[in-house]
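Keep in mind that this is a model prediction, so the values were computed, not measured. So that the names make sense, note that chain A is the first sequence line, chain B the second, and so on, each numbered from 1. Below, each value reflects all heavy atoms present in this structure, side chains not excepted, and no hydrogens, waters or symmetry copies.
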Amino acid sequence: MTKRSYFTTPIYYANGRPHIGHAYCSVLTDTFRRYHALFGYETHFLTGTDEHGQKVQKSAENAGVSPAEYVDKMSQAFRDLLPDLHVENDDFIRTTEPRHTEIVREALQSLYDKGDIYQNQYEGWYSERAERFWTEKDLVDQKCPETGGPVERVSEKNYFFRMSKYQPQLIEHLEKNRDWIVPASRWQEVRSFLENPLLDLSISRPKSRLSWGIPLPFDEDFVTYVWFDALLNYCSGIGLYRDDQRFQTWWPHANHFLGKDILTTHSVYWGTMLLALDLPLPKRLVTTGMWLIDNTKMSKSLGNVVDPLSLGDKYGAEVLRYFLMRDIVIGLDASFSEEAVVRRNNSDLANDLGNLLRRTITLVERGFDSKIPAPGPSGDEDAELEQLINAVPRVVEEHIMSHRLHDAIEQTMQVVRAMNRYIDHTAPFKVVKEDPARAGETLRHILEGLHVVANLLHPIMPEKMNELLSNLGCAGPVKTAQELHYGMLEAGTPIKAGPPLFPRLEFEAPPESEAPPKKAEKKAKPTPKPDPGDGMASFDDFLKLQLVTATIVTAEPIEGAEKLLKLTVDAGEESTRTVVAGIAKSYAPDDLPGTSIVLLANLQPRKIFGVLSQGMVLLAESDNRMVFVQPAEALPTGAKIR
RNA sequence: UGCGGGGUGGCGCAGAGGUAGCGCGCCGGGCUCAUAACCCGGAGGUCGUUGGUUCGAUUCCAGCCCCCGCGACCA
């Protein structure tokens, strides 16, 4: 029976540029695909971009182009990243392609026909300004909590997917398949999520508000929203409803790789969708952790987004791949730093592997006319090394099949370390003078070991390992790991010396951070992205702030909040404002009325603890005490501060 | 208060019911074929804390403390 594996990454949302997280997931999936191929599986690898939705529509508007033009460009950025990272995908799907949209419509229609999609009135408070609905609870003084703008009661048609109907079946599947979700802790998480009743899933948006989507086949005034649009790519991409044989070939062997942040959508939403569609569930969900930057989540607003392309340029795609695969345990978070990349390159790749290759080849060049030495007398340590070399392919296979990639790599590198020990102990560089045949035999052992190691690391660093294999006089990697064993190199084959395979790298600290951050400072919130212009605020920047004097009229605690007070302030306007301030630890509410303060009047309103705060009170902080900033003498309220 | 993830030698991380491992770094030695690489030896941990289950827990359970992410205590 043919062994098969079908691999997917999430389709990436075409509303931002690729970052290290995308690169990681793509490389990880690619690595597993290559390992499975090495272990005798036929493989198929699909990735792509998710291109519909509000954000894309809006970004396109902002950019002054059509959504189609916009996503063409963004999708290309993701597509280009793949070859740069030596990712070899078989297919790249875009959710705007007819081969996808048609399937989505057919799937929706079939669910509609069987009654799993139903229409219902959705009633809520719609904020024109925020372009979204709020529930009664969200509202603040009957205003939009985000913008402070008006909301209106809107009742509109909406289509729902009967997700709740499939909850028991999904739970059953989960219980019967303990290994459905990797790692096991994530399986637990999903199970506990399913202990609460599922709600049905809203899957539509009226075209009047969102035109950039796939129209519902049974109601063209609506487009489908997110779930059916995006998740179904995993099936449309392999021929669902179009090429049954192809679909049957791959779908039962689906391995979805995904970040832990989208586990619920993939296990619960996608799971129930498939049950409703009478399709089998994917074989496995492999949930990855996140790369943290300086122990903080990477985010645009912090300005710590790591660009995989520049890193690839700087250190080489394959060094980056090795780092990403080696320095994180699948499912756990790890912290990313360039320094760590350099360290990993130098210790594992340059010192251990590259240097071993180098010294071996030099010895073969000098003592054996650059040809693989003929077998010679064996010594005490030979058998042990041979055994190790022959065992490692199966060890790696076992680890890979249980998604323990870091163990697989570690075990492979152990062979390299063992060979460094071996070459030291057998000392061919010495022995060659009195017993060339014996020296040749020891070198053969190293070359054979390198051959096996190169094949086993090939899924992680395909080009570098091809180079290594070519140094050993091999045309390329083995077809499958089954044939991989000690003794595959032919005596007399010319070996080729090349430049160092993995040069040592120097870590250059970025110019800014000459002082490493102190431990004590770690607690401090990361500072927001510095302005491009050297951290200085321009005069114009300052003028944007409307600072005025004001007087506190009333003050009261906020229920449930420890540090917050709700203030009513008079800023010289026709009506007073409500402002929330974090001063409950420093001031008693009763003492506050009449206090003059400085108010930042044009701050974006924000709902805090159910109270809409319209502005910010300027405070100075000292010893954890918050102290009002006040004018030096009494002024009328509303006086401008410049 | 909530949800999730953590607290293991100087640093970065594995691990798992039976008296702790890996890499880096550090100290001492060796080698000279090699990319200041490689090899040998060494120092260094009461596995956050307190109870419980157990013949036995760092590994299981409960409480507590601390850290990180998300969220309503940030405006």
Using the [atom1] atom as the reference point in each nucleotide, state the distance between [N] and [M] in Å, no decimals.
N	M	atom1	answer
C24(B)	A20(B)	P	22 Å
U32(B)	U19(B)	P	41 Å
U46(B)	G9(B)	P	9 Å
G5(B)	C60(B)	P	13 Å
C67(B)	C73(B)	P	16 Å
G51(B)	G44(B)	P	28 Å
G17(B)	U58(B)	P	14 Å
C40(B)	G45(B)	C1'	24 Å

Which nucleotide in the list [options] gets nearest to the side chain of [X]?
X	options	result
His425(A)	A75(B), C33(B), C39(B)	C39(B)
Leu332(A)	A37(B), C33(B), A14(B)	A14(B)
Ala350(A)	C13(B), U35(B), C39(B)	U35(B)
Arg358(A)	C31(B), A34(B), A75(B)	A34(B)
Asn351(A)	A14(B), A34(B), C38(B)	C38(B)

Would you call [X] and [Y] a side-chain contact if the rule is heavy atoms closer than 4.5 Å?
X	Y	result
Val598(A)	Val548(A)	no
Leu194(A)	Leu198(A)	yes
Trp180(A)	Leu174(A)	yes
Leu349(A)	Met461(A)	yes
Trp187(A)	Leu285(A)	no

[N] [atom2] sits how many Å from [X] [atom1], rounded?
X	N	atom1	atom2	value
Asp424(A)	G41(B)	CG	C1'	14 Å
Ile361(A)	U35(B)	CD1	P	12 Å
Arg504(A)	A36(B)	CZ	P	7 Å
Leu505(A)	A37(B)	CG	C1'	14 Å
Arg359(A)	U32(B)	CZ	C1'	9 Å
Phe429(A)	A37(B)	CZ	C1'	13 Å
Trp291(A)	G5(B)	CH2	C1'	16 Å
Ile423(A)	C38(B)	CD1	C1'	9 Å

Using heavy-atom distances to pick each residue's nearest nucleotide on RNA chain B, tell me which of Lys430(A) and Arg186(A) is more 5'.
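That would be Arg186(A).
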Under 4.0 Å, heavy atoms only, any strand: does [X] hit a base, just the sugar-phosphate, or nothing?
X	answer
Val329(A)	sugar-phosphate
Asn355(A)	base
Arg421(A)	sugar-phosphate
Lys260(A)	nothing

Pair pattern of RNA chain B in dot-bracket, where unpaired bases get dots and | marks partners in another strand, Watson-Crick or G-U under 3.5 angstrom
.((((((..((((.......)))).(((((.......))))).....(((((.......))))))))))).....
Output a table of nitrogen or oxygen pairs between the protein and nucleotides 20-23 of chain B separated by less than 3.5 Å.
{"unit_1": "C22(B)", "atom_1": "O2'", "unit_2": "Glu410(A)", "atom_2": "OE2", "d": "3.3"}

Donor-acceptor under 3.5 Å (Asp369(A) side chain, Lys371(A) main chain):
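Judged by distance alone, no pair lies under 3.5 Å.
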Would you say the side-chain atoms of Lys260(A) pair up with the backbone N or O of Gly331(A), donor to acceptor, closer than 3.5 Å?
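Not confirmed, Lys260(A) side chain does not pair with Gly331(A) backbone.
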Considering only NZ, NE, NH1 and NH2 on the basic side and carboxylate oxygens on the acidic side, decide whether Asp327(A) and Arg343(A) come within less than 4.0 Å.
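Salt bridge absent between Asp327(A) and Arg343(A).
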Salt bridge Glu397(A)-Arg394(A), side-chain N to carboxylate O under 4.0 Å
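No, Glu397(A) and Arg394(A) are not salt-bridged.
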Decide if atom CD of Gln387(A) counts as having more than 12 heavy atoms of other residues, nucleotides or ligands within a radius under 6.0 Å.
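Open.
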Check ring-ring contact (aromatic ring centres under 6.0 Å, His included) between Phe323(A) and all other residues, then give those that pass, not counting sequence neighbours.
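Scan of Phe323(A) (ring-ring contact (aromatic ring centres under 6.0 Å, His included), adjacent residues dropped) gives Trp291(A), Phe336(A).
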